[in-house]
Engineer: 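Got a structure here, written out as structure tokens. Questions coming.
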Amino acid sequence: MKPSVLAKKIAFFVGIVLVWQALDSANVWPDKIFPSPLEVGESLWYGASNGTLFYGIGTSLWRLAIGLSIAIAGGITLGVFMARVETVNQTIGSIVLGLQSIPSVAWSPLAIVWFGLTDAGVIFVTVAGAIFSVTINTYTGVKNINPDYIAAAQNMGAKGGQLITKVLVPAAFPYMISGFKQGWAFAWRGVIGAELLFSFLGLGFLLNVGRQLSDVSQVIAMMLVIMIIGIVIDGLIFKRLEDKVMSRWGLR
Amino acid sequence: MKPSVLAKKIAFFVGIVLVWQALDSANVWPDKIFPSPLEVGESLWYGASNGTLFYGIGTSLWRLAIGLSIAIAGGITLGVFMARVETVNQTIGSIVLGLQSIPSVAWSPLAIVWFGLTDAGVIFVTVAGAIFSVTINTYTGVKNINPDYIAAAQNMGAKGGQLITKVLVPAAFPYMISGFKQGWAFAWRGVIGAELLFSFLGLGFLLNVGRQLSDVSQVIAMMLVIMIIGIVIDGLIFKRLEDKVMSRWGLR
Amino acid sequence: LSSGQPESDKNQVRVVFFANVNHAVPIVGLENGEFAKELGSTAIKTRVVDSGPEVIEALFTKSADLGYLGPAPFVIGYVKSKTDDIKILSGAASGGASFVIQKDSTISTAADLDGKKIAAPFVGNTQDVSLRHYLAEHNLKPRESGGTVTVYNIANPEIYTIFAKGDIDAAWVPEPTATMLVEQLGGKRLFQEEDTWPDGKFSSVLLVGRTEFLEKHPDVVAKWVAANTNTVNWIKENPDKTESIFIDFYKKYTGKKLDENIIHDAFSHIQITSEPIQNSISIFAERAYGLGYLGHSGYNLDHIYYDVNNGTVGGTSWQN
Amino acid sequence: MAKLEAKNIVKYFDHDGQQLRALGGINLVVEEGDFICLVGPSGCGKSTFLRIVAGLQKPEEGQILLDNRPIVSTGPDRILVFQEGALFPWLKVRDNVEFGLKIAGIPESERHEISKRYLDMMDLTKFANSYTYQLSTGMRQRVAIARALVMDPEVLLMDEPFAALDAQTRDTLLVEMQMIWQKTKKTIVFVTHSVSEATVLGNKVAIFTHRPSTIKKIVNIENKRPRLSEDDSLMKYQQEILAELRPEVKLKEDAE
Amino acid sequence: MAKLEAKNIVKYFDHDGQQLRALGGINLVVEEGDFICLVGPSGCGKSTFLRIVAGLQKPEEGQILLDNRPIVSTGPDRILVFQEGALFPWLKVRDNVEFGLKIAGIPESERHEISKRYLDMMDLTKFANSYTYQLSTGMRQRVAIARALVMDPEVLLMDEPFAALDAQTRDTLLVEMQMIWQKTKKTIVFVTHSVSEATVLGNKVAIFTHRPSTIKKIVNIENKRPRLSEDDSLMKYQQEILAELRPEVKLKEDAE
Ligand SMILES: Nc1ncnc2c1ncn2[C@@H]1O[C@H](COP(=O)(O)OP(=O)(O)OP(=O)(O)O)[C@@H](O)[C@H]1O
Ligand SMILES: Nc1ncnc2c1ncn2[C@@H]1O[C@H](COP(=O)(O)OP(=O)(O)OP(=O)(O)O)[C@@H](O)[C@H]1O
Ligand SMILES: [Mg+2]
Ligand SMILES: [Mg+2]
């Protein structure tokens, strides 16, 4: 980033905070509706110093990790089968497209009934939110594999499981990465949504506590935390992975 | 669709319902956790016959329409400005990327505090969920406009508002369509999520009623309705619009 | 489905209840050690929830063994389970809900509720059933059924918030929320719920158990019910201590300090009793059925009681 | 009288922080009714020059005079036809052609009348309601020319408009172009990399040097029209121009 | 002795519901150690034939005999080199070359030893740890050949492996290919659309007719090696082959 651009950005963010603080001081809106940046900062500091914030982040990330892993493993399996077995595609495939259009929070009531207010319930919602994105992208990826790759591998003796793990999955990887990226976004939405509705630990719970205590500074503080985690995971993990795979596969 | 494929699909769906009914009769899981398709059907029928179902669908769709319209109008405006004014991009642009990664349900607590349990609150969540997708796609679209289009239009006398409405927006339209599609998916998620949390009319509310009455058939019935509406809107509106625009713009 | 939770083993009992004044029995009994004393070596695990449906969910998914909740959600859960999965062990409170309107409200009769916004906690909750039945009795319909009255089903703390903002015209709420609306926000108590009941009495909190647990651990259950009764008596004898225990508990749980006067006032609107007031349960069931909460093909409440003395399940009436 | 005059036009570009001098002082006089073709090695700045004339870019030094008055920005008096046509895919052929008129606020009925004239001239009437993706490349190029002509510009600027066409289509358009010029008496500045095209079309051919480019020579071609690519009488002009060009192309290749 | 024998191979394809007879009964005998090149009009079914030999497609009639035994599926005794190489972009050069060995379950140290030999032969040792996107097209083609050779197939099948290469690279590989053949004594079936390439490489050139294709003629070329594209002595064979091919290409064009 050029120094001038950086300066502009810093000035902008400082400006936002100042205007925010000024708006607050001018008492345009009451504090309980529109807290000052100071109060939000205090909320964060308080959560950090007594550990609840980190415990919440840890819980949410842990659920995200488990849910996303299950979604990726399941989505790849389902996607590969859909792409390779026409009957599976014609039958299960049409359901997958439908399930994909159900918002992940809409799974929460079912998750609560089936799993109770447990981690399993939150993880179920996360998986339900993410798995179909991974499935559809894997399917598209496998369908778009250069058929010569498959022929070459078969010619060199690959079949069955080896063909899947050594050729189909890596060949479809660039598409699958998009699936992972989309899946992660939906998984993160699923975790937060489920935690809000289950009101059972995690960042979504802390958000809900803020809401129930009418503590807007806590609500905004938690939203900031959720946003920053989103940016970091997206930028550090998925963006990088995507860039690397795209250039390695010669697609960029 | 070939008759044999259609037959396969029908057989499959009939099969699912039969297996589901069989599972239910075999009492693998109790009814309170796993209702039979008959019970789900009854739930739907009952909702349809007393009108609550249609009223719920109407409410949700109405909120979706308003929220999505605002998100599209706002997203296009913001996106065009970000693409054409470098300073706007360097400042507001970086915030937009962050806000995009906040799950729409996470806006609900703030919406409740700011707007109370009103339609405005639900619509706020919908807008917050969808607007940044539209913004980012519009931005990308305008950035990728063939510069000759702009030069040609300027040469023929277009400037200012005319340049935006007559050239920039239509030229960026294929990208914007992706933004609308993504935006609609997020908006739908936002509506349902907010209705679940606000518990204030609409399909999300009916879903929540199902949960609170421990009525799994109603929960599953509402999920089916949400899914079908998703498929229909996606397929009838956005898929068609996309196909049309893509072929018109010569991109396919 | 619903796997992953450990079955409760012999040496523990898992109990859920709310942080409401109506739930004074479990709160006080746990805080003053009555339950622990009676149960001896059996460990007690507790969880505080916000609503009846959550208690039902906890019992259905086997993540709780006993629970305190209102009669309406109990009846709904019982009918939904179809196989007598839950039973009533005892009562814990009666009364303790009021219809509160805004301070400058002109509402005086049911007819005035036309077009108004009214809050009650959670669909299928005891107050919700009462409110919706009340509306139906007076030929009013909620908006989701094409009517004119907006019913908000939200948690008590949020009802307090939106009542304060003036977003709603009235609320049908349990204690201490009702008293808080009156004392802190200047609301008017239009009527107490018991005024609408025959004999001025209705059950508001029940102690219920998961049938499977009751069959497996009748000894533990008997001890819990005994402690429940002891606590009811203790509360009757020690109203002041009860109030301070409740205030301490609430502070511990939510971090908020409640006003002593409010709690005192709230308790004055409640009868703590171990009697489940059986006819009110039948009436709740009728009302819930009328609202469509129990399905549409009839219901059967023949086996809702558990006989603690014999350790048998399936009684048609409560005997203790 | 000089319709258009370029006075010492100098243009720099930023290339990875380095200044690249593209135009090194272009001086050119175009008379009213001239059909002048510009040729030069690739990258010498022909397109840049045309854009400066159109007012789409600003030179670092020098100025463009139109009827002896310096230009300040784009204007409907100088319309540029782009190499790829730059037609708007979201508009029908007629709406593409009428675009400039609409911007100018001309009422619909009048717009239709004008566009009809030029669609007829370009043999496009049947396709007025088509979208551009439904046209062949040659037809698209004709739409682009029609879109420029409706503006009735005093100077028509064309940047390799026939480069993407196959030989047959190009030959047809070469003839059509000459007829349009004779009919409309427009002043035309036409950039091409094809020497044969330049000799067929232009009554003058201006040869650019390699970067930083100046005008090396102007060749006058008086042969009668319509001329065809295969006319032997054009050969000597072509050879003359190629002889001037060759060292410039060499310079360019050495630089790379 | 016949290493490979094609007996009346017939293959149909479905084209919009219509049956297209691609191969109309191919009979071909390939001796042990032959370097046989297949030429024919585009679309006549050369690639299809090669895939049938490799066992990747099944013919509707006829059979392929390897050492007098009918083949039933793909096997490491017949390895196909694809036109675009079909290298796996997710693997390093070495892992690409070792792919077949790994599938066969050969232990790592042994694998490395074998791949090292062929990477050396192909002058690729320095690039063993590169990914394929880091290689030039010619290098990629060499990797594809090495990947086939490590399998030590009895018959090497090559489908226009040099089609995408520039002239210089191709000339180099033509010489290398002859050396590999002399060194390894492999039986090679090589499809190409370049008659010159065929005469340089093959000791036999089989000419396919237009669809439904059969073998029209086999030309034997005994010239000494290494031969080069520009060898005048190959001209007469090229003319002979072209004379056979021309009517077939004509037939094809008429059909379209
Ligand atoms: N916007 C720009 N930014 C930077 N450099 C530019 C820009 N436009 C043109 N150039 C540079 O200026 C030089 C002249 O470009 P221009 O397109 O005018 O050449 P040209 O004569 O039209 O070439 P061609 O015959 O290939 O179309 C080139 O070296 C080009 O790289
Ligand atoms: N999988 C397939 N499905 C349908 N038709 C096919 C298929 N593969 C090949 N064909 C058809 O079979 C005919 C022969 O194709 P093939 O690729 O074998 O020809 P070829 O001789 O290799 O041509 P070229 O020299 O262009 O590579 C063609 O007409 C082609 O369209
Ligand atoms: Mg140019
Ligand atoms: Mg081929």
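The structure displayed is predicted, hence computed values, not measured ones. A note on names: the letters A, B, ... follow the listed sequences, proteins ahead of strands, and every chain is numbered from 1.
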Engineer: Can you name the nearest heavy-atom pair linking W188(B) to S101(A), along with the distance?
Structural biologist: CD1-O, 4.0 Å
Engineer: Do you know the tightest heavy-atom contact between G98(B) and M227(A)?
Structural biologist: O-CG, 3.3 Å
Engineer: Could you look at I102(B) and say if it's the side chain, the backbone, both or neither that has a heavy atom under 4.5 Å from chain A?
Structural biologist: both
Engineer: Is the shortest side-chain heavy-atom distance between L196(B) and L197(A) below 4.5 Å?
Structural biologist: yes
Engineer: Does any part of the side chain of Q90(B), heavy atoms only, come nearer than 4.5 Å to the side chain of F12(A), both counted from C-beta?
Structural biologist: no
Engineer: Is there a side-chain contact between I16(B) and T91(A), using heavy atoms and a 4.5 Å cut-off?
Structural biologist: no
Engineer: Would you check if P109(B) and V219(A) make a side-chain contact, meaning some heavy-atom pair closer than 4.5 Å?
Structural biologist: yes
Engineer: Is any side-chain heavy atom of V113(A) closer than 4.5 Å to one of S214(B)?
Structural biologist: no
Engineer: Under a 3.5 Å threshold, yes or no: a donor from one side chain and an acceptor from the other, between K8(A) and T87(B)?
Structural biologist: yes
Engineer: Among S108(A), A106(A), A11(A), who wins on heavy-atom pairs under 4.5 Å with chain B?
Structural biologist: A106(A)
Engineer: Do R211(B) and I112(A) have side-chain heavy atoms sitting under 4.5 Å apart?
Structural biologist: yes
Engineer: Within a strict 4.5 Å, meaning less than it, do heavy atoms of the V216(B) and L110(A) side chains meet?
Structural biologist: yes
Engineer: Could you check whether atom CZ of F124(B) has more than 12 heavy atoms from other residues, nucleotides or ligands sitting under 6.0 Å from it?
Structural biologist: yes
Engineer: Heavy-atom distance under 4.5 Å to chain A: side chain of I92(B), backbone, both or neither?
Structural biologist: both
